[in-house]
Amino acid sequence: MFTGHTESLQPPKPSQLKSDIQLANLAVNVNTEMVAANQEAYQIQSLLEFQRLANYFSVAQIFLRSNALQSKPLTKDDVKQRLLGHFGTCPGLNLTYAHLLALISREEAKGNDLKAIYVTGPGHGAPAFCHASTLRAVSFVRAFSWPGGFPSHVNSETPGAIHEGGELGYALSVAYGSVMDNPDLLTVCVVGDGESETGPTATAWHAHKYLNPAESGAVLPILHVNGFKISERTIPGAMDDLELLALYTGYGYQVRFVEYGELAKDESEAEDKLLKLNINMAASLEWAYEEIRKIQKAAREEKKPIVKPRWPMIILRTPKGMTGPRATAKHQLEGSYHSHQVPLPAAFKDDAEFEMLVKWLQSYKIEELIEVDKISDGTSWFVKEGALKIVPKALDRRPGMLKESYAGYKPLDLPTFQEFGEKENVKTASLMKAIAKYLTEVVRRNPNSFRIFSPDEFESNKLDGVFDATIRQFQWDPETSGPGGRVIEMLSEHTLQGFLQGYLLTGRHGLFPSYEAFIGIVTTMIEQYAKFRKVAQETKWRDPVASLNYIVTSTLWRQEHNGYSHQNPGLIGNLLTLPRHMTRIYLPPDANCAVSVMAHCLGSKDYVNLIVGSKADTPCFLTVEEAERHCVAGLSVWRKYSTEDGVNPDVVLVGIGVEVTVEIIAAAKLLQKEGVRVRVVNVVDLMTLGEPGSHPHALTVEAFNGIFGEDLPVVINFHGYPQHVQSLLFSRNQSLSRKRFEILGYIEEGTTTTPWSMLRLNRADRFTISERAIGLIAAKSSNTAIASRAAELQAWYLHQNRLQERYVLENGADSEEISAPVV
C-alpha cells in the first residue's frame, strides 16, 4: 500500500477532451439499429411485457385495496379512500430496473457474473421498486401505504434497498460508497430531476473522481428527466440537451441521451414510442457497461489506468406519468406535474375518475401476462414466461436478492487498544494523535474494508499520523491517482456521509472525523439513516452492519482562535432524539480513554457512535488499566483526585468532556484547600445518566445513588449544552427541582479569545465550579463550617475570575497559574 504525506505540487493532468471539439459533438452516439434488428437477442418484447406488469402493479398499489388481479369487475369498493403514493416517476423506474435485469441476464448467458444494486433517488417511487424487486405484487397491493403495511417510500423492508427514500439528495453518493472496494459491483443509480436540484446531489456528481477502477466497482448514473416535481417544472426540465450536455460533460462524464420525444397523440403512437425507447435504452445500457469494463480493464489487467477516465452516464427523458391517463376534464396528466403523485385523487368517489382508473388498469392487458387459477379464490397466480425472460436465472444475482445489499458484514481485524496506550510517565497527550496511532494499525490490517471519510480537516484534526500506513484517495490528483488510499477528503460533508452510508450498508467499515461545529451539516442524513437501520433491525432477513462512527474534534473550547462561528456542540442533542438503543455518545477525558472508546466503536454493530474529544495536548489522567475499567463502566469515581477516595463527600464534582474535566480537577484542588471534602466523578458514556430502562447503558437506581448520592450536592461540568444533560436526568427521581444538581456547560458565550477564557465566559471554569459548589453545600445545611464561610469563599472565587479576565485583556494570553498542569 502506498503511504505518505502528499504535497500536491504537481500540476493537474489534462483532460481527455480535445481542445477543438464542438460541444454538440460530445453527446454519445450509439448504434440502436443493431438492437432494432436483433430484438429477440436483446429481449425487447420481454422488456415491454415486464414493464406493463410492473406499471400495472404500481398503479394497483396506489389505488386498490382489493381485487388486485381483477378476477371480477372492479368497483369503487375496491379503491382505497386514502390515496397515497407517487406514480409520476414509477414508469421510468420500471423501465430502468427492467433494463438492468436484462443486462444481468445477457451477461449471465455469456458466462459472466454481474453483480448489481439498484438505487433510486426518487424514493417515493416505491410502488415500482416493491414490485420489480420481488415480483410479489399482489401481497403488496393492499399493504402499500396502508395501516400495518409498508410506507409509500423505499425503506429497509424493500429488498435490495440501501438508501432511505425520504429526504432527497443522497442517492448518488450512497451509490458511489457502495462500490468502493467492491470491484465486481455495478450500482445503477437513478437520480430524479427534482433531486438533482439539491446541493448534495450537485457535489455528488464529482464522486467518480474518488473511485479507483483497479480496486472498486462502478456506478452508472441515470438522470431521469421527466420535467416536473410536485407542482412546478424542474431545473433540468427547463434545460435543453446542449445545456445538460455542457453541465455533465464538465463534471467528467460521457453523456448518452435516451429520449421518448413529444407526447404521443394516440395509443398506436404511444406503443411505437415505447418500443423505440426500449430499443434505445437497451443499446445505451450495453454501451455504458462496455465503457465501464474498458476503464476497469485498463486499470486491472493492463496496469495502465486511463488518466481522468470519463465514466458513462445516461440522461433519460420521458414524460411524467408515462403510460398513465393523458388528461382529466380539469388538467393534463401525462407530461404534467399533475401526475406526480396520485393522478386521479377522487377515483374512489367520482364516477368519471373511477372509469378512467378502470380503463387505465385495463390498458396494461395483464390478462396476457399472468395466469390466474380460476378454481381457487382468484388470488393464486403466476407470471407467464414472456415477462420473465429478462429476470436472471441465478436468484442471488437479482438486484433485490444480492447478498451485498443485506448480509455483507464482516468484522474488522482490530488490534487491542492497550498496545497503543500512553505510558504512565507521559503527562500530556493529544487524544486525536493517540487515536491516529491506533487507526494506522487498523488500516494496515484491513486494507480493503476500512475507509476514513473526512472533510478538508484531516491534518488540522491531528489525525494525519494515519498517513504512515496510507495516502489520500483522489484519482484526479496526479500524486494520489492509482494507488488505493484509505482516506477520502472532500469539502462536502453530505457527499462523505453518503459515501460512508453506502460503504457500511454493503458490509464494510468506516469513520467520519470532523470539526465539531460543522458535523451538524449532515444531521438529517444521520437521522434518515438511523430510521433506515431501526426498521432494518426489525426486518428478519437483514443482517447487522458496522456502526456509523463519528469523531468530532477541534471542539468549541479550543476554537477561541476561530471565534463564535466555530463553537457548536449541538450534534449531541440531535443524537439524543434518535432511537435510544442505537445511540452511543462518548466523551473520553484523555488519550487512553479515547483509544479504548475508538477500539470499542470500530468493533460494534448497528449503532450511531459519537466520540467527542480534543486535538490539543491535554492531561493523561488514567493509566491504560484504569482507562479500560473506566470505559467499561461508562463512568466512575476518580479516587486519586478525590478526598479520601471520595468517601463521605460534601460535594460531588462531575466532568463530562476533556477541558471541562481539567477544570473539575482544578476546582477539586481549590475546594480541598478550604477543607471541603470532594468526590470527583468522570462520565465517558453520556447515556449512563439516562433513566433506567431508557438505554442499555443507563445506570440502575442503586448504581446512580452509589456515585451521586441521594441528597449530595452535585456540580456537573459538561462539554456541551447543559440542557442536554438536564434532559437525561429529568426523569430520574433525583430532584432537579430541589436544586441538588448544578449543570454547567456551553451557554453560547463565544468569541475570539484565549483558550481558558472560553471556559470563564461560559461559566464552566474552575472558579465558577468552586463558587457553585460552596453555594450548594451551604444550601443543603447552614450549620456547617463551610456554610459559615460561604459568602467569603464565593466572593473570593468570583474575584479570581475577574483577576484572570484583567490579565487576559492586558497580556493577550492566559496566566501561568491557569496554564500550569493540574496533574
Side-chain angles (χ1 to χ4, degrees), residues 426-433 460-462 515-517 553-569 587-591 612-621 641 653-674 680 682 715-720 722 744-774 793-823:
V426 176
K427 299 303 181 182
T428 64
S430 162
L431 278 69
M432 295 303 112
K433 287 184 177 180
S460 171
N461 286 333
K462 305 296 178 68
Y515 267 42
E516 181 182 51
T553 186
S554 298
T555 64
L556 72 99
W557 300 115
R558 292 309 305 268
Q559 284 299 310
E560 78 289 339
H561 57 294
N562 280 323
Y564 194 30
S565 64
H566 284 55
Q567 299 158 8
N568 182 0
L587 297 101
D590 69 0
V612 183
S614 177
K615 66 183 182 184
D617 285 351
T618 52
C620 294
F621 294 113
Y641 302 116
L653 302 183
V654 185
I656 312 176
V658 180
E659 289 84 0
V660 290
T661 295
V662 171
E663 295 307 295
I664 285 290
I665 301 299
K669 291 184 176 182
L670 290 173
L671 291 167
Q672 286 170 322
K673 285 182 180 179
E674 304 298 338
V680 173
N682 181 265
V715 180
I716 297 176
N717 208 24
F718 177 50
H719 172 87
L744 308 176
Y746 182 62
I747 55 174
E748 288 291 343
E749 290 297 333
T751 185
T752 300
T753 183
T754 64
W756 188 80
S757 292
M758 275 296 300
L759 292 152
R760 174 180 55 79
L761 289 169
N762 286 277
R763 296 176 50 77
D765 62 278
R766 61 195 67 181
F767 299 117
T768 300
I769 295 167
S770 301
E771 186 271 331
R772 294 316 306 138
I774 295 297
L793 291 172
Q794 287 180 304
W796 177 253
Y797 294 135
L798 294 174
H799 178 62
Q800 296 308 304
N801 249 345
R802 182 56 62 86
L803 292 178
Q804 295 300 327
E805 179 184 7
R806 290 175 183 170
Y807 184 93
V808 165
L809 292 174
E810 291 173 4
N811 297 278
D814 293 320
S815 69
E816 292 184 7
E817 175 191 354
I818 292 299
S819 302
V822 296
V823 295

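On a predicted model such as this, the values are computed, not experimentally measured, just so you know.
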Taken to the nearest 0.5 Å, the spacing of I716 CD1 from I656 CD1 works out to 5.5 Å
Nearest heavy-atom neighbours spanning G563 and T752: CA-OG1, 3.6 Å
Report yes if some heavy atom in the side chain of Y807 is under 4.5 Å from a heavy atom in the side chain of I818; otherwise report no. no
Testing the basics here: between T751 and Q567, what is the closest heavy-atom pair and its distance to 0.1 Å? O-NE2, 3.3 Å
Looking at side-chain heavy atoms only, is the closest gap between S460 and Y515 below 4.5 Å? yes
Going by heavy atoms in the side chains, are D765 and N801 under 4.5 Å from each other? yes
Given L653, N717, V822, the one that forms side-chain contact (heavy atoms from CB on, under 4.5 Å) with E663: N717
Give a yes or no on whether R763 atom CZ has more than 12 heavy-atom contacts from other residues, nucleotides or ligands under 6.0 Å away. no
Below 4.5 Å, heavy atoms only, C-beta onward: do Y746 and N568 meet side chain to side chain? no
Take D814 and V808 through the test side-chain contact (heavy atoms from CB on, under 4.5 Å) and record every step on the way to the result. CA-CA 6 Å; D814 293 320; V808 165; 3.6 Å; yes
Straight-line distance of H799 NE2 to R802 CZ, nearest 0.5 Å: 10.0 Å
Just how far is it from atom CZ of R766 to atom CD of Q804, taken to the nearest 0.5 Å? 8.0 Å
Nearest 0.5 Å please: distance from the CG atom of L798 over to the CD atom of E771. 4.5 Å
Does any part of the side chain of W557, heavy atoms only, come nearer than 4.5 Å to the side chain of L759, both counted from C-beta? yes
Take R772 and Y797 through the test side-chain contact (heavy atoms from CB on, under 4.5 Å) and record every step on the way to the result. CA-CA 10 Å; R772 294 316 306 138; Y797 294 135; over 6 Å; no
Any T753 side-chain heavy atom under 4.5 Å of M758 side chain: yes
Treating N762 as the side-chain partner and G745 as the backbone partner, does any N or O pair qualify as donor plus acceptor under 3.5 Å? no
Taking all heavy atoms of T754 and all of S757, pick out the closest pair and write down the distance. OG1-OG, 2.6 Å
Between V658 and P588, which heavy-atom pair has the shortest distance, and what is it? CG2-O, 3.3 Å
Counting C-beta onward and ignoring hydrogens, is there a side-chain heavy-atom pair between I774 and E674 closer than 4.5 Å? no
T553 (side chain) donor-acceptor with N461 (main chain) under 3.5 angstrom: no
Taking atom CG of L671 and atom OG of S770, what is their separation to the nearest 0.5 Å? 4.0 Å
Gap between atom CD of E749 and atom CZ of R760 - 0.5 Å precision: 11.0 Å
Exercise: identify the closest heavy-atom pair between P589 and N682: CG-OD1, 3.4 Å
Where do Y564 and Q559 land on the side chain to side chain donor-acceptor pair (under 3.5 Å) test, with the steps shown first? CA-CA 8 Å; Y564 194 30; Q559 284 299 310; over 6 Å; no
Are the side chains of T555 and P569 in contact, using a 4.5 Å heavy-atom criterion? no
Set out, in order, the CA-CA distance, both residues' side-chain angles and the distance that settles side-chain contact (heavy atoms from CB on, under 4.5 Å) for R558 and E659, then state yes or no. CA-CA 9 Å; R558 292 309 305 268; E659 289 84 0; 3.3 Å; yes
Do D617 side-chain atoms and T428 backbone N/O form a donor-acceptor pair below 3.5 Å? no
Closest contact, heavy atoms only, V612 versus H719: CG1-NE2, 3.5 Å
Show, in sequence, the C-alpha distance, side-chain angles and deciding distance for F767 and L670, and conclude whether the side-chain contact (heavy atoms from CB on, under 4.5 Å) test is met. CA-CA 8 Å; F767 299 117; L670 290 173; 3.8 Å; yes
